[in-house]
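Each residue takes its place number in the sequence, starting with 1. Bear in mind the structure is a predicted one, so any value in this text is a computation, not a measurement.
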Amino acid sequence: MPSISRIRFTNVIYDNGHKRYIDTTFRFDGYNGILLLENGAGKTVFVQTLIQAVLPRKTVAQRKIQETLQLNNAVAHIAVEWILEDQPRRYALTAVSLFMNSKEQLASQEFALEYTPSSQVRLDTLPFVRSDKGKARPATKEEMASYCRGVAEHTMAARFFSENDTLLAYGQYLEEHFKIIPSEWNKIAAINETEGGVEGYFENCRTTNELVDRLLIPTVEEGCLAASGPATAKGNGFAELFESQREHVKQQLRLEKRITEMKGVLEQLEAYTAVQKHCFDAEAALRILNSRLRTYYGCICQDEKARHDEQEALKEEQGALSARQTENERLLAACDVVEAREACDDARSASDRAEQGYREAEGARKANIRESQNLILSRYKRDQSRNDALLAEWQQALASLEADAGTQQLLAQLQQNSAALHGWFDQAEAKEKAGLAQTAAAMEGVRHQQADIQHEKEKQEAAYHRILNDVKGGEGQIQELLRQQEKLEKELFADSVHQEAADIQRRWQRELAQVRQDAAGYEKNQAFYEEEGSKAAALVPEAEREEAARQQELWQLGLALSQTDMLAKNLQDRLQQWPHCANIADDTASLYRRSEALCQQVGDDLFTLEARRRDLDLARRRAHRWLDIYGGQDQFLADPVLADKIDAWSRDFLYLKSGAELFRTYSETAEGGAEGLYSRYPFWAASVVTTTDELPQLMNRLEKAGRDFFQPVFVLTEVEVRRLVSGQSQPLPTRQVVPAYWRNILPEAFSSWLEALRAGASRADAAMAENDRDLTALRPLLADLQAFYEHYPFSQYRNQVAKQRSLRDESERCQRHLDEARRTAEQCRQSVELYRSRLFTARQQESKLVTALGRLADYLELQRQHRAILEKNRQLMKQAGDLQHALEGLAAEGKRLQAQYEEKLRQYSRIETRCSQLRQKLYWAEVQDTEAVEDGREYDVLAEERRRLKSRLDGANENRGRLEAQIEGARKTDAQLAADMKRLRQSAELPLDEDVSYPEDGAEGKPPFSRNGQA
């Protein structure tokens, strides 16, 4: 049987809503465990709730689950995780949701699942708790039904049972798949109904008196009997009981000390527990994140695979559509040759008109561009002249600052740096200009090639149009053939697409092969299940015979046990009539367990009754004796009785002797012998002797027993006896007890005393008769009890019960195997019928596919003829296709040359840009007036040297920096203007007019130049 790993209770509310399990998980991991709760904390509720996971809606202790739990407007979720196998670890999950349906009746829905530790659906991932607007709430039955149904649809090892399914189906599923047997859990529920028999043990003890009389006193008497009996190897009796209690007290003291020590340890462990809890929470969060990541990764992989499959399908569809489009274009081209030629002529006319308009617009555009470029050039010249005037003014101011000797030296070094920088700039510019010239030559060669390509293209187009006119004659046959194909397509294909015929033929052939393969598999499976069904059916008769023999043996054994139980019941009923046996349990096992005590108790009761009979007989005879003595008299007479009282009381006194005994003892040694002793005191026969200390106690006893004496009783002390023995005289005794019945000497008292004697004699006779009846009933009871233990020993009864239990268990197992064999036979029969039906369907489908493939072969033959006619037409169009291909090649070549020309043009523009950027570099304008010298150093080295020199000059004269900055800005502006004018001249499509002057009002909206050289 599987063991419990974890238990989860969610929204389990009880005790009128005062107690609940919000979402609690109990972890056992297959180990035995104890749940310690105080009285009334919900132990029975816990067990009944746990049982629901196997036996939904189960009643325990005459209390329904809807009475135990609060299910109105709430759903209680119970789930148990079972360990099926340890290596490798496999789990089973049984989950139940309890609720009240629309008819206010108890209902439930169940879910069962088998999984491994790496599964995504586990006990802790069940969505018993949902989040609603940031707040947690228990899941509804609809939400759990949707979740469990979805898991069951996608997982073979899962099964969902709705509220409409029977509980029997759920129990059978648990027993077949998880080996969780509901009948065993019914026994667990039965045990918990009486809480282990505790209630039955105290059933006859409802009050304190009943508890003392029926339970405590018999238990103590049994202990007394055990204590008075012979000691066994284990020991018994009250002495050992108290000794064990003393050891328990010592053990309690040691445990209290140990508890104190453990409290200190627990205080130290609290911090560790908090850290461990934090670690556990972190691990749980990590597991949740890992689970989410695995889920996301799985979804991403599935999406990626789906997109990849969709992309492949789209590619295949695109290829098929492209092929179809190409074929359609060729057919349309063949069908619309004339229309295309007329459209071409119209397009040429429109092209000529558009070209004429383009030439006119192009002339206007070029005139506007030429005028605009002339204005831009004149503005550049005006700005350049203004900038040169400012530059000359600033250079003159700078020259006046260079009169100093140190400044002259720095200027000399700066002059050398300028020469080196000018040489570097010239060298770089020359390199770029060489690239410009080379690119311009390449562009010119590309223009010549384009002209040649255009001429060849016009020539090929004329030949192509002539060939298309020759193709139109074969189109009539193609149209007629297409009409014939469409007629046959309507019979075979739903979409009338004749291009898919070959694919459909292959698909139908594959389907035919698959159908034949399936039919063979169906025949094989049918034969297999017929054989398995025969094997299972053959096992049933033998199992039924074995079960019948076992049931016969069980019947005989049950008959013997019933006879034993009947005899035991008779004995128990007879025993329960006696007070000391009133609390005996009403079962045979209890009769055997208390066999020794019962026999001892009955024997003791018998002994007590016999002793009581003797006492009653004595009392009866005494009553009758008094009646015999005084019944016929008309006056009172005395008669002595004393010896019995002295024998009975001697154990209660240190010294108590009769006077006659002492007279015999001292008659020979006394002064004067026996005669002298008697003459001194003649009342020895009516005297009692005791010590002086015990004299009051003896007088009290004698007065209480006065009604039993016939003669007065005289009391002597031990001292008085010794005086009498020594020869001293003794006056008449003054301590005497007169019999109580002497007062009956009065006539009126005597008559009433006689009536009392008669009533006492009658009561004694009745008590004697009742005691004899008890003896008459108890003697055969003891004999029957001893005979029962002799003829039906406990070992025999125990073996019979064990054998009966074993036979019942074997019968249950055999019945399960028999049911399994019958189910297997029935399943095999159903499978045979299923595969027979599938085989019949497959044969019908095979026949249809064979017929359809024959018709498809006819269609393919027509299609082959169609292709032959198309091939003839393609031969006619071959030259047109070659020419078209040649035209496409010329067009591609023209595009390539155009792209090459545009690339050269962009390359030319990049070189110009680099030249412009070269002139815009720092210090370009400053060094243009210096003679160029090439010294081999790089630009960065020269620029850094110039910066240092200028920094030294700036330290010598602050104004020099401003002037150089202004000069530098002016030079840059001048270089920029020069570069812009050069670029404008090079990019101009028409020659520019160098004599055009910029109008005075042409610069409105453009800021004028300032004195510091900035616009």
Do NZ/NE/NH1/NH2 and the carboxylate oxygens of [X] and [Y] come within less than 4.0 Å?
{"X": "Glu143", "Y": "Arg137", "answer": "yes"}
{"X": "Asp29", "Y": "Arg6", "answer": "no"}
{"X": "Asp281", "Y": "Lys277", "answer": "yes"}

Is [Y] close to [X] at the side-chain level, that is, under 4.5 Å between some pair of heavy atoms?
{"X": "Phe111", "Y": "Val151", "result": "yes"}
{"X": "Ile180", "Y": "Val54", "result": "yes"}
{"X": "Leu98", "Y": "Val75", "result": "no"}
{"X": "Asp809", "Y": "Arg805", "result": "yes"}
{"X": "Gln172", "Y": "Glu175", "result": "no"}
{"X": "Thr94", "Y": "Leu174", "result": "yes"}
{"X": "Arg159", "Y": "His177", "result": "no"}
{"X": "Arg89", "Y": "Thr116", "result": "no"}

Is the side chain of [X] donor-acceptor paired with the backbone N or O of [Y] at a distance under 3.5 Å, no angle test?
{"X": "His18", "Y": "Tyr14", "result": "no"}
{"X": "Thr49", "Y": "Val45", "result": "yes"}
{"X": "Glu826", "Y": "Ala821", "result": "no"}
{"X": "Ser806", "Y": "Ala802", "result": "no"}
{"X": "Arg8", "Y": "Leu126", "result": "yes"}
{"X": "Asp132", "Y": "Lys135", "result": "no"}
{"X": "His278", "Y": "Ala274", "result": "no"}
{"X": "Thr155", "Y": "Ala158", "result": "no"}

For [X] against [Y], the heavy-atom pair lying closest together:
{"X": "Phe28", "Y": "Ile4", "answer": "CB-O, 3.7 Å"}
{"X": "Ala76", "Y": "Leu71", "answer": "CB-CD2, 3.7 Å"}
{"X": "His77", "Y": "Ala139", "answer": "NE2-O, 2.9 Å"}
{"X": "Pro56", "Y": "Ser108", "answer": "CB-OG, 3.8 Å"}
{"X": "Glu110", "Y": "Phe160", "answer": "O-CD1, 3.3 Å"}
{"X": "Ile78", "Y": "Gln52", "answer": "CD1-CB, 4.5 Å"}

Return the [atom1] to [atom2] distance between [X] and [Y], rounded to the nearest 0.5 Å.
{"X": "Gln48", "Y": "Lys58", "atom1": "CD", "atom2": "NZ", "answer": "10.0 Å"}
{"X": "Leu93", "Y": "Leu123", "atom1": "CG", "atom2": "CG", "answer": "5.5 Å"}
{"X": "Thr824", "Y": "Gln827", "atom1": "OG1", "atom2": "CD", "answer": "5.5 Å"}
{"X": "Ile13", "Y": "Thr68", "atom1": "CD1", "atom2": "OG1", "answer": "13.5 Å"}
{"X": "Ser119", "Y": "Leu113", "atom1": "OG", "atom2": "CG", "answer": "7.0 Å"}
{"X": "Ile300", "Y": "Glu304", "atom1": "CD1", "atom2": "CD", "answer": "9.5 Å"}

Point to revise | Glu820/Glu176 under side chain to side chain contact (heavy atoms under 4.5 Å, CB included): CA gap, chis, key distance, verdict | key: CA-CA 9 Å; Glu820 184 177 358; Glu176 293 175 2; over 6 Å; no
Revision key, fill the gap. From the list Tyr91, Phe178, Trp82, ring pair (Phe, Tyr, Trp, His ring centres under 6.0 Å) with Tyr115 holds only for Tyr91
Exercise for review: Dump the intermediate steps for side chain to side chain contact (heavy atoms under 4.5 Å, CB included) on Arg813 and Ser811, then the final yes or no.
Suggested key: CA-CA 5 Å; Arg813 287 192 295 270; Ser811 177; over 6 Å; no
Review point. Which residue, Leu807, Val801, Asn799, forms the side-chain contact (heavy atoms from CB on, under 4.5 Å) with Lys803?
Key: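 The option that passes is Leu807.
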In this structure, are over 12 heavy atoms from other groups packed under 6.0 Å from [X] atom [atom1]?
{"X": "Gln268", "atom1": "CD", "result": "no"}
{"X": "Ile22", "atom1": "CD1", "result": "no"}
{"X": "Asn32", "atom1": "CG", "result": "no"}
{"X": "Asn73", "atom1": "CG", "result": "no"}

Check your understanding: Using the ring of each side chain (for Trp, its six-membered ring), is Phe161 parallel, tilted or perpendicular to Tyr170, with breaks at 30° and 60°?
Key -> perpendicular
Practice item. Take Val80 and Phe9 through the side chain to side chain contact (heavy atoms under 4.5 Å, CB included) test and state the conclusion after the steps. Key: CA-CA 9 Å; Val80 179; Phe9 291 164; 5.9 Å; no
Practice item. Could you check Gln815 against Asp819 for side chain to side chain contact (heavy atoms under 4.5 Å, CB included), going step by step and ending with a plain yes or no? Key: CA-CA 6 Å; Gln815 189 64 39; Asp819 294 341; 3.2 Å; yes
Check your understanding: Under the salt bridge (Lys or Arg N to Asp or Glu O under 4.0 Å) criterion, do Arg258 and Glu261 qualify, and how do the steps go?
Key -> CA-CA 5 Å; Arg258 182 63 175 170; Glu261 296 176 356; 3.4 Å; yes
Exercise for review: May I have the step-by-step check of salt bridge (Lys or Arg N to Asp or Glu O under 4.0 Å) for Arg20 and Asp15, ending in yes or no?
Suggested key: CA-CA 8 Å; Arg20 67 185 61 203; Asp15 196 7; over 6 Å; no
Review point. Does any donor atom in the side chain of Gln109 or Ser162 lie under 3.5 Å from an acceptor atom in the other side chain?
Key: no
**Study point:** Output field: ring centroids Tyr21/Phe26 closer than 6.0 Å
**Key:** yes
